[in-house]
Amino acid sequence: MPYFVYMLTNFKKNVLYIGLTGNLAERVAQHKSGQVEGFTRKYNVNSLIYFEQFDDITEAKARERNLKKWKRDWKEKLVNQSNPEWNEILIV
């Protein structure tokens with residue numbers, strides 16, 4: 001089963017959220033519909049701009065924890081490498 005570490009932003013692109021899931025499409029849909037209580041709903045953070053896939057849950061959890069500790073500018077550089085315009089990534 002694949003696992004995904006993902007990064008979301010809001011419309012203004014001034015808020016970042018990092019999460020972990022086993023079903024990226026379903027989780028992003030939950031964020032978009034406001035089903036996820038807390039930070040993402042409060043700040044309307046629902047646009048997928050970056051993700052990484054892992055086969056091992058332990059590696060995915062370690063990566064998520066690591067990214068959450070990063071400074072914002074480091075996170076921005078990571079997104080910019082694969083998505084320089086911060087376009088929403090659509091999962092089908």
Side-chain angles (χ1 to χ4, degrees):
M1 173 179 190
Y3 300 94
F4 301 89
V5 174
Y6 61 96
M7 196 176 311
L8 303 174
T9 192
N10 61 347
F11 178 76
K12 293 182 180 182
K13 297 179 173 66
N14 62 353
V15 177
L16 294 175
Y17 172 82
I18 296 171
L20 170 67
T21 186
N23 186 330
L24 187 59
E26 181 178 314
R27 190 63 172 160
V28 170
Q30 290 170 344
H31 284 293
K32 286 189 166 300
S33 68
Q35 293 178 30
V36 181
E37 292 187 28
F39 184 87
T40 57
R41 185 170 14 174
K42 180 177 180 180
Y43 295 102
N44 199 28
V45 180
N46 60 21
S47 180
L48 179 67
I49 55 169
Y50 179 83
F51 70 92
E52 298 176 11
Q53 183 174 335
F54 297 85
D55 293 326
D56 180 14
I57 186 66
T58 304
E59 288 180 30
K61 286 180 180 180
R63 180 62 167 165
E64 179 196 27
R65 280 191 303 273
N66 188 310
L67 288 176
K68 286 184 173 186
K69 294 177 185 177
W70 282 20
K71 296 178 181 180
R72 173 153 180 132
D73 63 321
W74 298 355
K75 295 172 191 175
E76 288 178 359
K77 287 177 185 175
L78 181 63
V79 173
N80 287 337
Q81 289 174 359
S82 61
N83 189 0
E85 295 184 18
W86 289 36
N87 293 322
E88 182 172 10
I89 299 169
L90 302 176
I91 305 296
V92 183

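Comment: Glu64 engages Lys68 in a salt bridge, judged by a side-chain N to carboxylate O separation of less than 4.0 angstrom.
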Just do the side chain to side chain contact (heavy atoms under 4.5 Å, CB included) check on Leu67 and Leu78 with the steps written out, would you? CA-CA 10 Å; Leu67 288 176; Leu78 181 63; 3.7 Å; yes
Let me see the working for Asn44 and Phe11 under side chain to side chain contact (heavy atoms under 4.5 Å, CB included), right down to the final yes or no. CA-CA 8 Å; Asn44 199 28; Phe11 178 76; 5.5 Å; no
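Counting only heavy atoms from C-beta outward, the side chains of Glu26 and Gln30 approach each other to under 4.5 Å. Between Tyr6 and Tyr17, the closest side-chain pair of non-hydrogen atoms falls below 4.5 Å.
Here the closest non-hydrogen pair linking Asp56 and Tyr3 is C-CD1, 4.1 Å. When all heavy atoms of Glu85 and Lys13 are compared, the pair lying nearest together is O-CE, 4.2 Å. Considering all non-hydrogen atoms of both residues, Val5 and Ala60 come closest at CG2-O, 3.3 Å. Contact detail for Pro2 and Gln53: the closest heavy-atom pair is CB-NE2, 3.3 Å. Between Asn46 and Glu88 the shortest heavy-atom distance is O-OE2, 4.0 Å. Of all heavy-atom pairs spanning Phe39 and Leu16, the tightest one is CE2-O, 3.9 Å.
Under the 4.5 Å side-chain heavy-atom criterion for Ile, Leu, Val, Met, Phe, Trp and Tyr, Tyr43 and Val36 are members of distinct hydrophobic clusters. Transitive grouping of hydrophobic side chains (ILVMFWY, heavy atoms separated by less than 4.5 Å) brings Leu8 and Ile89 into a common cluster. Hydrophobic cluster membership differs between Leu24 and Ile18, with clusters built from Ile, Leu, Val, Met, Phe, Trp and Tyr side chains linked at under 4.5 angstrom. There is a path of hydrophobic side-chain contacts, each under 4.5 Å, that joins Val45 to Phe4. Residue Phe51 is not grouped with residue Met7 when hydrophobic side chains (ILVMFWY) are merged at heavy-atom distances under 4.5 angstrom, including chains of intermediate members.
At least one donor-acceptor pair under 3.5 Å links the side chain of Asn80 to the backbone N or O of Glu76. Side-chain atoms of Ser47 do not come within 3.5 Å of backbone N or O of Asn10 as any donor-acceptor pair.
Using bins of under 30°, 30° to 60° and over 60° for the plane-to-plane angle, the ring pair Trp74/Trp70 lands in the perpendicular bin.
Applying the side-chain contact (heavy atoms from CB on, under 4.5 Å) test between Leu48 and each of Asn83, Asn87, Val28, Leu90 identifies Val28 as the sole match.
Atom CG in Leu20 sits 9.5 Å away from atom CZ in Arg27 (nearest 0.5 Å).
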